[in-house]
Amino acid sequence: MERSRMARRQDTTSNKRKPAAKKPKQKTKKSKFRRILTILGILFIIGVIAGAAYTAYAIATAPPLDEEKLVDTYPIQLLSAEGEPLEGSGQIREYVSIDEISEVMQQAVISIEDRRFYEHNGIDLRRIGGAVVANLTDGFGAEGGSTITQQLVKQSFLSTDKKLKRKLQEQWLAIKLEREYTKEQILEMYLNKNYYGTGGYGVQTASKRYFNKPVSEVNYQEAAILAGLPQRPSAYDPINGDQELTRYRQEQVLSAMKRDGHITEEEYNQALDVEIADVISPGEETEEETYTRSIYARVQAELEEDYGLEQADIYGTGLKVYTSINKDLHTKFNSDIKNDNVNLPTSEFPEDLRMGATVLNTKTGEIVAVIDSQQAKQGDKNYIDYSREKSQIGSTAKPFFDYGPGIENAQWSTGKVLIDAPFEGEKYNPRNYYKDGYRGANTMRYYLTISGNTPAVRAFYEVRDEFGQEAIQSFVENVGIEPSMSGDEMNASNALGVAEASTTQMAAAYAALGTNGMYTKPHVIQKIEFNDGSTINSPIKAKQAMEDYTAYMLTDMLRDVVSGSNGTYEPGAFPYDVAGKTGTTNKDMDKWFTGYTTDYSISVWSGRATATPESVMDPNYAQYYFEYMMQEVTKATGQPDRFQQPESVLSLGNELYVKGTKPKDLQPDKLAAPTGASIDYDVPGETGTLSWSYDKQAVEAAGYQGLSFTVTETRPDGSERVVGTTEDTSIAISGLGEGETTFTIVANATNALVGDQQSSPLQTSYTVERSEEPAAEEEEEPATEETPPEEEGEQTDGESNENNGNNENNENNGNDNNTEDENTVEPTEEEPTTDETDGESDSEGDVSRQSTSDSDDRNNGNGNGNGGRD
């Protein structure tokens with residue numbers, strides 16, 4: 001028992017000692033935690049010291065406050081491709097004192113830019129946090145983080161980089177500036193330094209430009225517009241920009257003024273009831289300024305979108321922009337066109353029309369010249385830059401929406417056969433512009449050249465149905481054109497140009513055809529240079545938008561538009577290689593011409609207002625302006641090279657096809673022979689008719705044109721003569737001698753790929769036999785028998801359709817005289833039928849007639865059997 005107690009005591013002792021053994025481990029954890037805290041504390045102290053040292057370094061290296069720099073502006077400079085300043089692109093500023101700036105103008109600026117301007121010492125810590133909240137609740141731009149003092153410092157002394165050093169220097173200099181200058185002096189320098197759009201610096205310049213009055217006289221509505229401009233001058237410009245955006249920014253400023261008690265609720269509402277166009281009253285610009293304002297807008301947009309610069313980086317920093325503008329050509333085009341110095345068929349461009357144009361370098365996509373509006377007037381408060389304005393593109397869409405995707409995806413040849421005929425059962429059922437209705441089957445080259453509508457839509461449908469609408473959508477988007485959509489579905493009317501684009505977009509799209517499919521986004525900036533001498537070259541690069549064979553085959557067809565006998569280009573051919581396309585929208589609301597050489601691509605638009613009569617659109621001014629500009633640019637830079645056919649394209653006759661492919665339209669079926677011959681002959685009168693059947697639509701669908709039939713007869717004595725040649729499926733016969741006369745019928749036609757063709761012959765015989773016994777007592781024999789061709793694939797008489805005989809003598813063959821309101825029958829794949837009559841008896845005696853046929857053609861009048869496919 002004693003031992004057991006001892007054992008229990010030892011056990012109890014051991015158990016009590018175990019917790020004591022763990023105490024050193026707890027001390028170890030606490031020691032590690034203390035060491036970590038100590039290290040962090042040391043690092044924090046080092047960080048504070050380093051931060052203080054860096055701040056001291058930034059302050060020590062900050063530039064001095066130079067009053068000349070505070071007062072002066074450093075405008076953006078635009079240079080031409082030759083390195084010369086563009087007129088109107090230098091500094092335009094009229095300096096005014098703070099006493100000449102209306103109180104409401106000062107209130108508007110302070111409310112939107114720095115509401116505690118008169119309270120802080122240069123830095124507003126509350127504003128930094130408040131800016132975040134305001135931008136979230138009131139929309140981006142409702143309030144900025146920098147004070148007016150900081151903005152003035154940044155514009156006057158510092159670079160545009162985003163480094164910590166620059167921010168520290170900005171804050172230090174802002175505090176220093178507040179110590180050396182009064183608030184009124186700072187506000188005065190700030191309002192005279194800001195950029196307000198269209199090349200103007202300072203609030204006085206802006207007030208006169210937009211309202212034709214000094215800034216001392218502006219009211220709160222006008223002040224709100226001016227105060228909002230410096231944030232985004234190009235976007236909020238009330239004349240050259242988007243007036244909806246101008247109203248958005250004006251409302252932000254008015255709201256801030258109401259919040260700060262500078263205007264009442266009633267005044268706020270009254271201001272918003274007045275349209276921006278009714279507020280502005282522009283002052284006059286010089287002629288040079290009107291020529292460059294569209295360039296300014298493009299430069300501003302590109303600096304933001306392509307170079308990623310903010311407004312503060314662009315304006316007041318002395319930025320140099322090297323553009324691709326050919327100064328001489330740009331000035332000449334604008335001067336001649338706007339002053340009616342162009343040789344037009346009429347004496348001058350009608351007053352109530354508008355036009356815009358863009359000239360691009362085909363190879364680089366660089367903008368060489370723009371004509372913003374033929375009728376742009378100085379001080380026009382409803383100014384629109386028509387070289388950038390989007391309009392429906394009409395038939396200039398056809399190469400991209402209809403034929404290009406077919407060549408790209410299905411390797412169509414230029415001899416691809418399409419049908420011009422009415423649509424049945426389609427929601428979209430367009431007609432043609434030409435008065436003879438529909439022209440039947442012909443090649444893609446022909447229908448692109450004459451700008452036929454129904455063949456273009458059929459091409460659109462064929463690609464869409466076989467490859468999906470994505471094949472078309474991606475093709476057009478690759479060249480910078482946005483299709484018209486209904487939800488996710490592309491509208492069929494895109495085939496004829498319901499999509500909208502600007503002349504700049506269209507010039508770039510067509511330029512891709514002149515560079516074997518390489519598309520370059522249109523741009524005006526070649527490079528930019530900052531005030532420290534550093535430069536950035538254009539980030540825009542060319543991309544392969546389509547196969548080279550697609551681009552060249554389209555170009556080769558578009559040559560015919562300009563110089564071909566069927567082309568729709570009115571002024572006449574050029575002595576050098578030019579391709580292009582006309583375009584017209586419904587009721588002649590818009591007329592286009594976009595053409596190109598290996599050097600330049602030019603797109604011209606002209607349009608009318610809805611209330612303007614259609615007659616003012618004649619002649620096609622867009623085409624004549626194109627002719628003028630293409631001639632002038634060629635005089636200045638020399639004749640262009642010819643478009644070079646790539647190795648991927650081969651020629652066959654007048655048509656082109658993709659190397660390595662053998663599309664069906666390049667291997668036309670042999671010209672089909674006539675079928676179903678029959679004879680109706682009056683022996684006593686010695687006259688009659690020879691008739692036969694022929695599927696004209698199927699043969700035309702195979703690419704044949706100029707169809708005719710030649711008939712010869714072999715008399716009973718063995719002599720032969722030509723009865724005649726006709727485009728009908730019947731011919732008159734006469735003077736048949738006693739015995740058997742054999743008639744031979746052959747079809748003749750021309751195919752663009754294989755030339756003149758003749759079908760296998762169809763033969764039929766007619767026998768005249770006289771007997772002394774009455775005809776009524778004789779047993780009749782079948783009067784006519786037709787021996788069908790014995791080749792493989794022959795058809796029986798019962799399988800053909802006599803509707804393809806005489807009833808189709810007026811089928812479209814390129815000479816259809818039907819009007820648009822007539823209903824022509826769409827091609828089908830039905831086969832013609834033959835005459836089911838076996839024979840006839842003649843009252844004057846027994847007459848038996850027998851016909852035999854011989855044809856080597858396996859299709860028996862059905863061509864390639866695809867008459868209804870297109």
Side-chain angles (χ1 to χ4, degrees), residues 78-89 199 240 287-302 321-342 349 354-376 383-389 501-511 514 520-526 538 540 578 580 592-606 621-638 640:
L78 303 190
L79 304 175
S80 71
E82 298 76 28
E84 300 176 5
L86 293 174
E87 280 84 352
S89 66
N240 303 319
E287 189 174 48
E288 289 77 14
E289 288 172 343
T290 65
Y291 294 170
T292 56
R293 60 181 169 182
S294 62
I295 302 298
Y296 256 107
R298 292 170 185 273
V299 166
Q300 292 161 355
E302 286 183 30
V321 178
Y322 293 83
T323 75
S324 53
I325 296 296
N326 183 311
K327 181 179 178 180
D328 292 339
L329 284 174
H330 176 79
T331 302
K332 179 175 177 54
F333 289 158
N334 277 278
S335 178
D336 286 352
I337 290 174
K338 293 179 181 181
N339 293 294
D340 275 323
N341 292 330
V342 179
F349 192 80
R354 296 291 182 267
M355 71 83 66
T358 303
V359 183
L360 283 182
N361 183 307
T362 302
K363 299 179 181 70
T364 65
E366 294 174 338
I367 297 172
V368 175
V370 292
I371 297 85
D372 52 354
S373 177
Q374 200 275 342
Q375 295 291 348
Y383 165 78
I384 297 175
D385 181 354
Y386 287 110
S387 66
R388 299 179 73 192
E389 189 77 2
S502 67
T503 61
T504 303
Q505 289 175 286
M506 295 309 294
Y510 274 82
T520 305
K521 179 182 176 183
H523 58 287
V524 72
I525 301 177
Q526 293 179 328
S538 174
I540 296 173
V578 181
W592 292 77
F593 191 84
T594 303
Y596 57 103
T597 66
T598 52
D599 290 341
Y600 296 99
S601 180
I602 302 175
S603 183
V604 186
W605 167 88
S606 63
Y621 293 98
Q623 295 187 23
Y624 288 95
Y625 279 123
F626 172 83
E627 178 189 46
Y628 156 75
M629 285 188 283
M630 184 58 78
Q631 288 175 342
E632 291 298 325
V633 77
T634 303
K635 286 179 187 176
T637 60

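Excluded from the calculations below are hydrogen atoms, water molecules and symmetry mates; all remaining heavy atoms, backbone and side chain alike, are included.
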*Donor-acceptor pair, Q631 side chain versus Y628 backbone, under 3.5 Å?*
no

_CD1 on I325 to NE2 on H330, rounded to 0.5 Å_ = 5.5 Å

*asked:* Run F349 and M355 through side-chain contact (heavy atoms from CB on, under 4.5 Å) and show every step you take.
replied: CA-CA 9 Å; F349 192 80; M355 71 83 66; 4.1 Å; yes

*Please check if the side chain of E302 supplies one atom and the backbone of V524 the other of a donor-acceptor pair under 3.5 Å.*
yes

*Tell me, with the steps shown, if Q623 and V604 meet side-chain contact (heavy atoms from CB on, under 4.5 Å).*
CA-CA 8 Å; Q623 295 187 23; V604 186; over 6 Å; no

_Let me confirm one number: the CE-OH distance from M629 to Y600, rounded to the nearest 0.5 Å._
13.5 Å

_salt bridge (charged side-chain N to carboxylate O under 4.0 Å, His left out) involving E632 - partner list, sequence neighbours excluded_ = K635

*Is the closest side-chain heavy-atom distance between F333 and V359 below 4.5 Å?*
yes

_Using only atom types and a distance under 3.5 Å, with no angle test, would you say the side chain of S603 pairs donor to acceptor with the backbone of M506?_
no

*Residues in salt bridge (charged side-chain N to carboxylate O under 4.0 Å, His left out) with D599, at least two apart?*
K363

_Using 30° and 60° as the class boundaries, would you call the ring planes of W592 and W605 parallel, tilted or perpendicular?_
perpendicular

_The criterion is side-chain hydrogen bond (donor to acceptor under 3.5 Å, both in side chains); which residues satisfy it with S606, sequence neighbours excluded?_
none

*Measuring from N334:CG to N339:CG, what's the distance to the nearest 0.5 Å?*
9.5 Å

*Taking every non-hydrogen atom, the tightest pair across L360 and P522*: CD2-CB, 4.1 Å

_Y625 vs V342 side-chain heavy atoms within contact, under 4.5 Å_ = yes

*Which residues satisfy the side-chain hydrogen bond (donor to acceptor under 3.5 Å, both in side chains) test with S601, sequence neighbours excluded?*
none

*Distance from N341 atom CG to S335 atom OG, nearest 0.5 Å?*
6.0 Å

_Going by side-chain contact (heavy atoms from CB on, under 4.5 Å), name the residues that satisfy it together with S80, two or more places apart in sequence or in a different chain._
E82, E84, L86, K327

_Going by the rule side-chain contact (heavy atoms from CB on, under 4.5 Å), which residues pair with D328 if we only count those two or more places apart in sequence or in a different chain?_
N326

*Between T358 and I371, is any pair of side-chain heavy atoms under 4.5 Å apart?*
no

*Is a donor on one side and an acceptor on the other found under 3.5 Å between the side chain of T504 and the backbone of S387?*
yes

*Evaluate the criterion salt bridge (Lys or Arg N to Asp or Glu O under 4.0 Å) for residue pair K338 and D372; output intermediate values, then yes/no.*
CA-CA 10 Å; K338 293 179 181 181; D372 52 354; 2.6 Å; yes

*Could you pull out all residues at least two apart from T520 that satisfy side-chain contact (heavy atoms from CB on, under 4.5 Å)?*
H523, I540, A542

*T634: side-chain hydrogen bond (donor to acceptor under 3.5 Å, both in side chains) partners, not counting sequence neighbours*: Y576

*Kindly write out the residues that satisfy side-chain hydrogen bond (donor to acceptor under 3.5 Å, both in side chains) with Y621, not counting sequence neighbours, or none if the list is empty.*
T346

*Does any non-hydrogen side-chain atom of V321 lie less than 4.5 Å from one of L79?*
no

_Inter-residue atom distance F626.CZ - I602.CD1, 0.5 Å rounding_ = 5.5 Å

*Would you mind reporting whether V299 and I525 have side-chain heavy atoms less than 4.5 Å apart?*
yes

*Mind checking side-chain contact (heavy atoms from CB on, under 4.5 Å) for A301 and listing every partner two or more places apart, or none if nothing turns up?*
E305, R388

*Is the closest side-chain heavy-atom distance between R298 and I367 below 4.5 Å?*
yes

*Given side chains that start at C-beta, do those of Q526 and T323 come closer than 4.5 Å, heavy atoms only?*
no

_I295 vs V370 side-chain heavy atoms within contact, under 4.5 Å_ = yes

_Please enumerate all residues that pass ring pair (Phe, Tyr, Trp, His ring centres under 6.0 Å) together with Y624, with sequence neighbours excluded._
none

